[in-house]
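Side-chain atoms are counted along with the backbone in the values below, which use heavy atoms only and exclude waters and symmetry mates.
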Amino acid sequence: MRRYLLRKLLVYGLTFFVAVTVNWMIPRFMPGDPVSSMIARASVAQPEAVEAMRAHYNSLFGFDRPVFEQYVNFWIALLRGDLGISIWLFPTPVWDVIVRAVPYTIALLLPAILLSWIAGNWFGAFAARRRWLDNTMLPVGYILTATPYMWLAILMAWGLGVVAGIFPVAGGYSFELQPSWSWEFIGDLALHWFLPFASLFIVAFGGWAIGMRNMIIYELEADYANYLAALGAPARLIRRYAFRNAMLPQITGLALQLGTLVAGALVTEVVFSYPGLGHLILKAIQNQDFFLLQGTFLFIVIGVLIANFLIDIVYTVVDPRTRMGLGGAA
Amino acid sequence: MTLRVTDLKVYYKTLRGEVKALDGVTFELGDAEILGLAGESGCGKSTLGKALIRMDGRMRLRGGGVELDGERLPIDDDAAMNRYRYHRISLIPQYSMSALNPTRRIGRMIRELVESRGVRYADVEEELLRRLKLVGLDPDVLSRYPIELSGGMKQRTVMVISTLLNPSLLIADEVTSALDVSTQKAVAKALAGFRDRGFVKSMIFVTHDISLTYQIADTIMVMYAGKLVEKASASAIVSKPRHPYTQALINSLPEVGVRYTDRRLSGIPGAPPSLLKPPAGCRFRDRCPKAFARCAAEEPPVTEVASGHFVACWKG
């Protein structure tokens with residue numbers, strides 16, 4: 001077990017290094033120059049002042065150094081916990097910008113991923129043994145998973161937000177409110193949270209339900225289920241076994257989904273102007289904010305790696321067959 | 001008399017009509033008797049085995065009945081049959097290698113199974129350990145997962161599980177077909193041992209391997225195209241077969257000490273008839289060397305030609 005964990009940690013460490021390096025490179029491949037746009041924002045007319053500002057910003061952000069030195073400095077700063085200064089929200093440190101956004105993303109993603117997974121699996125298993133439900137659920141499930149997410153999100157924002165007027169369509173909370181621990185603010189927060197959450201939930205729910213339904217039907221046809229039935233074991237026991245075994249691929253699916261849902265959240269936060277990490281990515285790209293982009297990517301990488309690591313551990317607990325293979329070739 | 005099967009007809013529902021897989025079979029199985037059920041693929045032997053414990057969704061009872069220890073079995077009522085399963089009738093399946101839930105420790109699975117059948121695990125635990133030891137398994141298989149056992153170990157574990165509640169009738173469905181020849185005999189002997197010790201009252205040993213059946217069965221019943229062809233003591237079937245089909249089956253077996261460079265092993269030419277619309281008369285007549293006019297016109301009845309020797313042939 002310890003060897004297994006050590007090897008996993010090594011793989012995750014390597015992945016982290018490569019991912020962060022790529023994240024550092026990506027913004028620098030973008031066309032355009034952040035310093036020029038900062039100067040343009042300041043709208044200074046004299047050429048000498050412009051030159052002085054350019055030199056100041058370039059040395060401040062370290063752009064006057066050779067690229068390799070910039071890269072090494074980036075790692076040194078990163079290891080000290082310094083993510084740099086945001087260009088878009090100059091001179092706020094990137095760390096502060098991200099810390100403000102992270103709670104929104106986590107509050108949106110974690111419930112959406114986990115609840116849709118739990119509810120979808122439960123519902124799929126439930127539908128697998130009722131013919132009428134199966135016949136109606138299956139087409140609806142396929143439609144939901146095949147729906148382009150953005151289209152569904154826009155439809156919901158338009159239908160429930162603009163036309164019905166039940167939910168607000170933009171922002172994390174109303175502009176007229178100040179963040180506080182009052183019931184009014186929390187209620188407002190929940191109202192803004194609902195549509196982005198529901199759109200993520202619905203799309204993922206259909207996929208989980210279909211996957212679980214198919215797996216359960218497969219497991220109920222398996223030899224061990226037939227054997228138990230021949231020995232008169234109650235359907236309850238057989239279904240319990242089938243459910244547990246059908247969960248295994250779903251757990252793997254959850255791990256894979258965690259990575260893609262981060263990208264999904266980007267679209268959600270853009271459609272609903274929700275102030276999370278996805279929203280920051282958009283703003284960072286629009287403003288050529290290298291440091292903010294690096295920082296948000298860093299958080300996403302860490303999130304995906306932690307999620308995968310947790311799933312790895314869960315998997316060895318629930319499936320004895322993976323435990324047997326721990327000593328084998330990785 | 002443990003089991004009495006009377007004119008049992010079980011058909012398969014298919015899109016093209018009903019396949020008469022088991023078409024009027026009558027036989028009896030005595031206490032402590034091992035009946036070897038032999039025949040080629042599609043003769044109805046597995047259908048008979050399944051019909052006695054659990055019909056699958058496509059099987060339909062179309063006549064006849066089954067009595068176990070003098071009690072009529074509701075074989076076409078899945079829910080009502082549950083009372084008899086495991087306690088009175090049990091099964092060792094063809095797929096013993098995959099019959100155990102891969103994600104449960106074997107001991108826990110057995111506990112959950114017996115307790116779901118209204119038996120306290122503590123009451124059978126001692127006997128379970130004794131029987132595991134008897135088939136050469138260490139008690140610690142109970143704390144292992146099926147993946148940690150070899151194929152032979154899984155087979156023996158399933159044998160012990162299936163017979164744990166001392167059923168009146170055990171159906172062993174092609175239990176040896178997935179094993180290599182050296183273990184086949186050991187498994188067959190172990191099953192006969194179970195009968196000798198009274199773990200099971202009687203047994204139906206379904207197989208296509210007559211030579212293996214001969215080693216453990218008291219009686220052998222040969223089936224062809226859904227019908228009983230011949231039933232007699234094992235020695236009579238092997239040494240004095242009366243039905244041309246049984247004779248052909250026995251002739252197609254290799255014999256010890258005979259060199260087959262001189263005489264080629266004979267097979268049985270032809271194939272069994274379709275059971276969607278089986279032909280009138282004797283179903284074997286197209287492949288039978290002794291067939292004559294009457295075989296096409298009338299179906300030969302099962303007659304007792306000698307004590308305990310039943311044959312369905314006009315020339316038997």
>> Could you walk me through whether A/Tyr241 and B/Arg104 satisfy the side-chain contact (heavy atoms from CB on, under 4.5 Å) test, starting with their C-alpha distance in whole Å, then the side-chain angles of each, then the deciding distance to 0.1 Å, before giving a yes or no?
In response: CA-CA 8 Å; A/Tyr241 284 4; B/Arg104 273 279 192 276; 3.5 Å; yes

> Going through the checks in order, is the side-chain contact (heavy atoms from CB on, under 4.5 Å) test met by B/Val19 and B/Tyr11?
Replying inline: CA-CA 5 Å; B/Val19 174; B/Tyr11 296 170; over 6 Å; no

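Between the side chain of A/Glu219 and the backbone N or O of A/Ala242, no donor-acceptor pair lies under 3.5 Å. Under the 3.5 Å distance criterion, the side-chain polar atoms of B/Glu33 are left unmatched by any main-chain donor or acceptor of B/Met203. Here the side chain of B/Thr163 pairs no donor or acceptor atom with the backbone of B/Asn166 at under 3.5 angstrom.
The contact between B/Met109 and chain A is made by backbone and side chain atoms together, counting heavy-atom distances below 4.5 Å. Contact annotation for B/Ile161: both backbone and side-chain heavy atoms come within less than 4.5 Å of a heavy atom of chain A. B/Val158 touches chain A through backbone and side chain together, each having a heavy atom under 4.5 Å away. Interface residue A/Arg240: only side-chain heavy atoms are found under 4.5 Å from chain B. With a threshold of 4.5 angstrom between heavy atoms, B/Arg83 does not approach chain A through any atom at all. For chain A, the nearby parts of B/Ser162 are the backbone and the side chain; heavy atoms of each come within less than 4.5 Å. Looking at B/Arg54, only its side chain comes within 4.5 Å of chain A, counting heavy atoms on both sides. Of the atoms belonging to B/Ile53, it is side-chain heavy atoms, and not backbone ones, that fall under 4.5 Å from chain A.
Chain B forms the most heavy-atom pairs under 4.5 Å with one residue out of A/Leu231, A/Leu228, A/Leu248, A/Leu237, and that residue is A/Leu231. Contact count against chain B (heavy-atom pairs under 4.5 Å) is highest for A/Ala230 among A/Ala233, A/Ala222, A/Ala230. Counting heavy-atom pairs under 4.5 Å between each of B/Ala99, B/Ser90, B/Pro146 and chain A puts B/Ala99 at the top. No other option in B/Asn82, B/Asn101, B/Leu91 has as many heavy-atom pairs under 4.5 Å with chain A as B/Asn101. Most heavy-atom pairs under 4.5 Å with chain A, from the set B/Asp78, B/Leu113, B/Ile92: that is B/Leu113.
No cation-pi contact links B/Arg195 to B/Phe199, judged by a cut-off of 6.0 Å to the six-membered ring centre and 45° from its axis.
At a heavy-atom separation below 4.5 angstrom, chain A is approached by no residue within residues 127-138 of chain B.
Between the side chains of B/Tyr12 and B/Thr47, at least one donor N or O sits under 3.5 Å from an acceptor N or O. Using modelled atom types, one finds a donor on one side chain and an acceptor on the other under 3.5 Å when comparing B/Thr183 with B/Asp180. For the residue pair A/Tyr218 and A/Asn245, no side-chain donor N or O sits within less than 3.5 Å of a side-chain acceptor on the partner. For the residue pair B/Tyr84/B/Glu71, the side-chain donor-acceptor check at 3.5 Å is satisfied. Between the side chains of B/Tyr95 and A/Asn226, no donor-acceptor pair of N or O atoms lies under 3.5 Å.
A ring-centre distance under 6.0 Å is found for A/Phe123 and A/Phe205.
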